[in-house]
Amino acid sequence: MKKLTAAGLILAMTVGLAGCSGNKTASQTNAAPSATSESSKEETNKAEETTSETTELKVSHVFAETHPVHQAYLKASEELYEKTGGRYRLTLFPNGTYGNYADSITACQMGTLDIACLDSASDWLEAGGVLFAPYCFDSYEHWQTFKDSELCSEMRQEIGKAVGGVRQLNMYNFGFRNLTANKEIRTLEDFNGLTLRCVNFEPYSTLKDVFRVAITSIPIEDVYMSLQTGVADCQENPVTQIVTMKFYEVQKYLIMTRHMLACSSTIINEKLWDSLSDEDKDIFEEVFLNMGDQVDQMVVDNESALIEECVANGMTLMEDIDTAPFKENAKQVVENYPAWQDWYNQIQEMK
């Protein structure tokens, strides 16, 4: 995501003034359980062990409340509250209600926001863009192997340092990105004359070279109307987003190209992190690694149902696609990014 302009920085600072970092009072979506327990002896004892004050950590993200990322944050809040004896919990600001994606990152760097989401860190570390390289990952198993590797730990450390002012706590994915269109697309030739809506900055914009197609940048909230009116002919997103935005109402075909894995991460303000005790750091790491795994699992568990929902709403599912030409073009794209090469090659060796 692009870095903020000076105006964006001012906006992030202004939004952050609504509550200082580590606010002791609840606001927006209070995601943790009440410190008041039910009338069982075990739960009463747990309640007595909690502190008199609970530190509310503000979390900003742009996903809907039904999205796996939000649902996993809810569970993370419960787990954090329990493991710290009620000393910490999360206050969630979904749907961009705190700030947009870029503003939230800046606010997290500055400390006016405690926790945010970070996708590709390529604006700060060019090599980080490899996570969004087309056809970098070929399955969810491949992604999990990467996450369990020393390389993933190394990348999280390097990304946190490069972004500055934050620590990266986890990585997770919310599904492979696929195409939707109003015509069958199986070959490169089928893209002739079409305009693909995609996020129009690197590495997303490399899809113009993967599919040899014209691309256009349209804000996500305007994509539905653009597809309906023909401003764009096709678009690409994970099925979670396709269902959430009801693109099945304006597109006939769901085309399983699986050309890019949509992934993200959780970052925490570095000063907040440094203020934690070693014991609490261990708890936070455990909680947010679990959170990332929960997102991954929900995505896998939900994907078939989401595809079925698209079909039930009139879309034709296309899986018999020859992706070999797309993948060959993707290899050429990667060659144009020397900074990706080392990490890309290591990820490919994990297949």
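One-based numbering along the sequence shown.
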Minimum heavy-atom separation for [X] and [Y], please, with both atom names.
X    : Y    : result
N95  : A64  : OD1-CA, 3.2 Å
E236 : L196 : N-CD1, 4.1 Å
L118 : A121 : CD2-CB, 4.1 Å
Q168 : S265 : NE2-OG, 2.7 Å
S139 : F176 : N-CZ, 3.6 Å
Y73  : L90  : O-CD1, 3.8 Å

For a quick check under 3.5 Å, do [X] and [Y] share a side-chain donor-acceptor pair by atom type?
X    : Y    : value
T145 : D148 : no
S60  : Y101 : no
E249 : Y224 : yes
Q332 : N336 : no
S277 : E279 : no

Between [Y] and [X], is there a side-chain heavy-atom distance shorter than 4.5 Å?
X    : Y    : result
S77  : L74  : no
T240 : L306 : yes
H142 : C136 : no
W143 : M171 : yes
T266 : Y172 : yes
L317 : I307 : yes
L254 : V239 : yes
I185 : Y253 : no

Using the side-chain hydrogen bond (donor to acceptor under 3.5 Å, both in side chains) rule, pick out the option among D293, N170, N173 that qualifies with K147. D293
Answer yes or no: does atom [atom1] of [X] have more than 12 heavy-atom neighbours from other residues, nucleotides or ligands under 6.0 Å?
X    : atom1 : result
K183 : NZ    : yes
E150 : CD    : no
K351 : NZ    : yes

For a side chain to side chain contact (heavy atoms under 4.5 Å, CB included) with S264, tell me which candidate from V69, D119, L131 qualifies.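 Output: one option passes, namely D119.
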Could you point out which residue of V210, T257, L261, N329 forms a side chain to side chain contact (heavy atoms under 4.5 Å, CB included) with P134?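 In the set V210, T257, L261, N329, the residue that makes a side chain to side chain contact (heavy atoms under 4.5 Å, CB included) with P134 is V210.
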Assess whether a salt bridge exists between [X] and [Y], defined as any Lys/Arg side-chain N lying under 4.0 Å from an Asp/Glu carboxylate O.
X    : Y    : value
D320 : R186 : yes
R167 : E270 : no
R87  : D280 : yes
K331 : E328 : yes
E158 : R156 : no

Ring-face cation contact, Y140 with R258, 6.0 Å cut, 45° max: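 Output yes; distance and angle both within limits.
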D301 and Q297: side chain to side chain donor-acceptor pair (under 3.5 Å), yes or no, with the steps? CA-CA 6 Å; D301 292 344; Q297 190 60 54; 2.9 Å; yes
Measure up the Y135 and H259 rings against each other and bin them: parallel (under 30°), tilted (30 to 60°), perpendicular (over 60°).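 Ring orientation, 0 to 90° scale: perpendicular.
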Applying ring-ring contact (aromatic ring centres under 6.0 Å, His included), run through Y81 and Y88 and close with a yes or a no. CA-CA 5 Å; Y81 185 87; Y88 291 99; over 10 Å; no
Quick one: do I255 and V250 end up in the same hydrophobic cluster if we chain Ile, Leu, Val, Met, Phe, Trp and Tyr together by side-chain heavy atoms under 4.5 Å apart?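 Result: no, two separate clusters.
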Step-by-step side-chain contact (heavy atoms from CB on, under 4.5 Å) determination, D296 to Q144: CA-CA 9 Å; D296 289 347; Q144 189 60 51; 4.0 Å; yes
Pick one: which of F132, Y344, F146 meets ring pair (Phe, Tyr, Trp, His ring centres under 6.0 Å) with F137? F146
